[in-house]
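Contents: one structure, followed by commentary.
These values consider heavy atoms only, across backbone and side chains, with no hydrogens, waters or symmetry-generated copies. A, B, ... follow the sequence lines: proteins, then strands. Residue 1 opens every chain.
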Protein chains: 2
Amino acid sequence: MLHVAEAARVSVATVSALINGTATVSPELSQRIEQAIRDIGYKRNAIARSLKMGTTRTIGLTVPHITNPFFTDVVSVIQQAFDRAGYAVMLCCTDEHLNTQDDQIRLLLDRMVDGLIVARVGDGAILKRIVDDANVPVVLLDRVCQGVDTDAVVLDNQRAVFDAITYLIDLGHRRIGYISGSFDISPMHDRMAGYREALQTAGLPAEPELVRFGNFHEVDGYNATMQLLSLHDRPSAIFSANNPMVIGTMKAIRDIGLSCPEDISVACFDDFPWSDVFRPQLTTVAQPVQAIGEQAANLLLDRLAGNRDAPPRKLTLKGRLMIRNSCRPLGAIAQSVSA
Amino acid sequence: MLHVAEAARVSVATVSALINGTATVSPELSQRIEQAIRDIGYKRNAIARSLKMGTTRTIGLTVPHITNPFFTDVVSVIQQAFDRAGYAVMLCCTDEHLNTQDDQIRLLLDRMVDGLIVARVGDGAILKRIVDDANVPVVLLDRVCQGVDTDAVVLDNQRAVFDAITYLIDLGHRRIGYISGSFDISPMHDRMAGYREALQTAGLPAEPELVRFGNFHEVDGYNATMQLLSLHDRPSAIFSANNPMVIGTMKAIRDIGLSCPEDISVACFDDFPWSDVFRPQLTTVAQPVQAIGEQAANLLLDRLAGNRDAPPRKLTLKGRLMIRNSCRPLGAIAQSVSA
DNA sequence: AACGCTAATCTAAACGTTTCGATCATGTCA
DNA sequence: TGACATGATCGAAACGTTTAGATTAGCGTT
């Protein structure tokens, strides 16, 4: 900018005024300055600007795994929304790892991001401290945590799983395996609660042996399914609480020589774009990814626009059960259907 | 830092020296300073540091679509690599849109990213200018462009498609539909060349009606497939040059009342993590996503480490044909197989 | 002619770091 | 004792912006 000012024989203040339109500058100088800008190929340095202004027009976004299609879609939507609003997005993947997440958030805050969208990992204790210290608005995505009182967008997980399990029960299933993700994040609690509630409502017992835990990865779903399938009295249906794990479930079923849905029914949380065309066509709980991403972006953009003092807003969206053909009717129901 | 210095009754220079270890500071002062840092909860401001140092320890990464599993995987690998190296990643999705891409790259450069990894869109003219102006190292990913002489990581696309088409020909297919992405990026040229080469090698004619173009999206694959399937003499096999489009292909096949592989064989570029378990199990050309991401990251990290003047390096990796069961043998071959 | 008003422009401080060179105390050696 | 090297610390400039307040010129009023 200094060079531009010299070339145009004006002060830097005038150049700044012209660029930002913060003051009127005469046509004559305007022209000289614009010419100089072109000649020199001047580009405003956003870092210097950020330092002075105290805002970077950048937000931080952390997700556990970007390869999980749910997060991929949400990230994509969020990225677009902020792009439109003139913000850049710094993306971090925590790989479900607590320390990584905390480090990354600190890193983002050091870089003066104007806001954060966090699909968190682990208990919220450290997250809470970080967020309290930092003076930037935070939106929690998918996963809330107790004690962190801030904007959030979540799904009605309990209801969604309740619907799915009830659907299986209505089909005649009585022993329904359930593969949960680690219990330290809120959705896993709520989803489990939905499972239990559905069993209870139907008057079915909650058998501990039917519940397995994994750490969200395909291999965890594989191992959990192997265990379920080698039970003495094996389940007739399996529900997987996240979608990378269901791939593992399908692999285990194949490896053990069974087939879905003939021998065992499968449903899972989170939809796939290809579920309609590849067989078995998975019955899933679809999350409204577009809406989730947009709402999260809007909440944050609203705070960034200055609405700092409004009380925390928690948006709860509804999942949708996508019934396809990976679950088959059982017993009396199957007979009445085939009759 | 000023507050810390005051609290510790030292100068800011000393605080800086301690934090960065750039000079020895006495145990006594060290202790006072560390105490002050803790008391105040001081965090170094990375923006001010960037301004002074001329480096942000941030890189820019632009990809066409993050929802394309190929890019998702590559982004994930790159993100991890830079995370390990202490860099942040600014992610941009260009949505295959030229202006968006150029704007985003300019935005990234304004923010003083230390380097760029670009899976580009459009012809390289503007990209070239931007890259030449900018004084940062650039690595091209997946897509090179003429005239932009810089580090690059690409696949041997021609060879990979040649192998896949030859495989189909060996199965007895003679009329093989080919669905290409837009022709303005290098891989689409090379893949088409592989298709043509395979036909020619086998002495088959190149029939223009068998070649269709789409813009990388599922719907484009759907439309292209619809056109191919309504040909008077329809192809017995279809190869889709990218993976979102193949979903459209499968949908079109289903909607038209055919089934794969019984009525028509399908193969495509880019693998899916679930291809092994869902039917039809797609035969694909798998790209070594891990290697691609790592190599791209390494090329850039090497430049960032100071190796600026080395000549441009272009790494070409090999694809791998994953033969599954979405393509069936035809004619004489089929009979000898079933005999 | 003196005054005040407005519009255009400029000067200089500030944002929070890093770093060069200066300063100063201390110990060593001739 | 004086000269000098060493090590620790500090002062101040610089990075490239923004912006408050000062300055200046031009013009209309009285």
Side-chain angles (χ1 to χ4, degrees), chain A residues 1-37 40-58 86 106-114 133-136, chain B residues 1-37 40-58 86 106-114 133-136:
Chain A
M1 185 177 274
L2 181 61
H3 298 115
V4 171
E6 281 168 359
R9 305 187 307 281
V10 299
S11 76
V12 288
T14 309
V15 177
S16 177
L18 177 66
I19 290 177
N20 299 303
T22 47
T24 46
V25 6
S26 70
E28 189 193 336
L29 291 204
S30 295
Q31 220 214 318
R32 288 218 309 263
I33 294 171
E34 276 159 7
Q35 185 62 47
I37 286 178
I40 296 183
Y42 167 78
K43 302 249 53 181
R44 179 168 66 189
N45 181 316
I47 295 292
R49 177 165 223 259
S50 292
L51 178 60
K52 183 65 189 168
M53 306 281 278
T55 162
T56 52
R57 290 196 81 78
T58 301
R106 268 189 271 261
L107 194 85
L108 291 169
L109 292 175
D110 288 352
R111 285 177 199 214
M112 284 179 53
V113 291
D114 293 343
D133 288 359
N135 247 346
V136 304
Chain B
M1 185 177 274
L2 181 62
H3 298 114
V4 171
E6 282 168 357
R9 304 187 306 283
V10 299
S11 76
V12 288
T14 309
V15 177
S16 177
L18 177 66
I19 289 177
N20 298 303
T22 47
T24 47
V25 5
S26 70
E28 190 193 334
L29 290 204
S30 294
Q31 220 214 316
R32 287 217 309 262
I33 293 170
E34 275 158 7
Q35 185 61 47
I37 287 177
I40 295 181
Y42 166 78
K43 303 250 51 184
R44 177 168 69 191
N45 181 317
I47 294 293
R49 177 165 223 259
S50 292
L51 178 60
K52 182 66 191 167
M53 306 280 278
T55 163
T56 51
R57 290 195 81 78
T58 301
R106 269 189 270 262
L107 194 85
L108 290 169
L109 291 175
D110 289 352
R111 286 177 198 213
M112 284 180 52
V113 290
D114 293 342
D133 288 359
N135 246 345
V136 303

In the structure I gave you, are the side-chain heavy atoms of B:Asn20 and B:Arg44 within less than 4.5 Å of one another anywhere?
yes
5' to 3', nucleotides 6-14 of chain C under a 4.0 Å protein heavy-atom cut-off (B base, S sugar-phosphate only, - none) gives --SSBB--B
Between the CE atom in B:Met53 and the CG atom in B:Asp114, the distance rounded to the nearest 0.5 Å is 10.5 Å
Determine whether B:Glu34 and B:Leu18 make a side-chain contact, defined as any pair of heavy atoms from C-beta on separated by less than 4.5 Å.
yes
Interatomic distance where CD1 belongs to B:Ile19 and P belongs to C:dT17 [whole Å]
8 Å
Kindly indicate whether the side chain of A:Ile19, heavy atoms from C-beta on, has any atom under 4.5 Å from the side chain of A:Ile37.
yes
When rounded to the nearest 0.5 angstrom, what is the spacing between CD1 in B:Ile33 and CE in B:Met1?
9.5 Å
Using a 6.0 Å cut-off, check whether atom CD of B:Gln31 has over 12 heavy atoms from anything other than its own residue.
no
Hey, are the side chains of B:Arg32 and B:Leu29 touching, using non-hydrogen atoms and a 4.5 Å cut-off?
yes
Respond yes when some side-chain nitrogen or oxygen of B:Arg44 is under 4.0 Å from OP1 or OP2 of C:dT17, and no when none is.
no
What is the distance, to the nearest angstrom, from the CG atom on A:Leu51 to the C1' atom on C:dT18?
13 Å
Close side-chain approach of A:Ile47 to B:Ile47, heavy-atom, < 4.5 Å:
yes
If we ignore hydrogens and angles and just use 3.5 Å, is the side chain of A:Thr56 paired with the main-chain N or O of A:Ser50 as donor and acceptor?
no
Using a heavy-atom cut-off of 4.0 Å to chain B, what are the terminal contacting nucleotides of DNA chain D, in 5' to 3' order?
D:dA8 to D:dG16
Do A:Thr58 and A:Arg111 have side-chain atoms, one donor and one acceptor, less than 3.5 Å apart?
no
How bent is the helix from C:dA1-D:dT30 to C:dA30-D:dT1, comparing axes over its five end pairs at each side, to the nearest 10°?
70°
